[in-house]
Amino acid sequence: IAIYPVDSVIQPLNNWGLAEKHGLTNEGLKRVIHSLRTSMTREVEKKQEHTGYVSNWKFYEHMQFLGKEIITGGPSAR
């Protein structure tokens with residue numbers, strides 16, 4: 001499973017002022033996004049390995065847009 005580098009996600013988020021809105025530096029925002037994507041990758045892997053797996057991770061529903069990107073190793077289809 002491969003995912004796009006976090007750096008490719010940071011610039012668009014900076015354009016929205018996301019780091020400032022949440023009181024983060026660019027590096028802090030980068031760490032948060034990396035952590036969320038890593039956790040989502042783990043959840044996708046569990047779902048692929050175990051039929052009927054239901055995630056209890058509180059951000060799973062919110063991060064589902066990354067699912068296809070994580071599985072295919074490219075940007076999510078729009």
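Computed from a prediction, not measured in an experiment: that's the story for all the values here. Residue numbers start at 1 and run along the sequence shown.
By the ring-ring contact (aromatic ring centres under 6.0 Å, His included) test, Tyr60 pairs with no residue at all, sequence neighbours left out. When the side-chain contact (heavy atoms from CB on, under 4.5 Å) test is applied to Glu61, the partners found at least two apart in sequence or on another chain are Gln64.
Partner of His34 under the side chain to side chain contact (heavy atoms under 4.5 Å, CB included) criterion, out of Leu36, Thr38, Val32: Thr38 alone.
Note that NE2 of His50 and CD of Glu45 are 10.5 Å apart. Values are rounded to the nearest 0.5 Å. Atom CG of Leu24 is separated from atom CD1 of Ile33 by 9.0 Å, given to the nearest 0.5 angstrom. Rounding to the nearest 0.5 angstrom, the gap separating the CG atom in Asn56 from the NZ atom in Lys46 is 9.0 Å. Note that OG of Ser55 is 7.5 Å distant from CE of Met40, once rounded to the nearest 0.5 Å. Residue Thr25 holds its OG1 atom at 5.5 Å from CZ of Arg31, rounded to the nearest 0.5 Å.
Ser39 has its side chain within reach of Trp57: a pair of non-hydrogen atoms, C-beta onward, lies under 4.5 Å apart. Between Glu43 and Tyr53 there is a side-chain heavy-atom pair separated by less than 4.5 Å.
Grouping the Ile, Leu, Val, Met, Phe, Trp and Tyr side chains by contacts below 4.5 angstrom, directly or via other members, places Val44 with Phe65.
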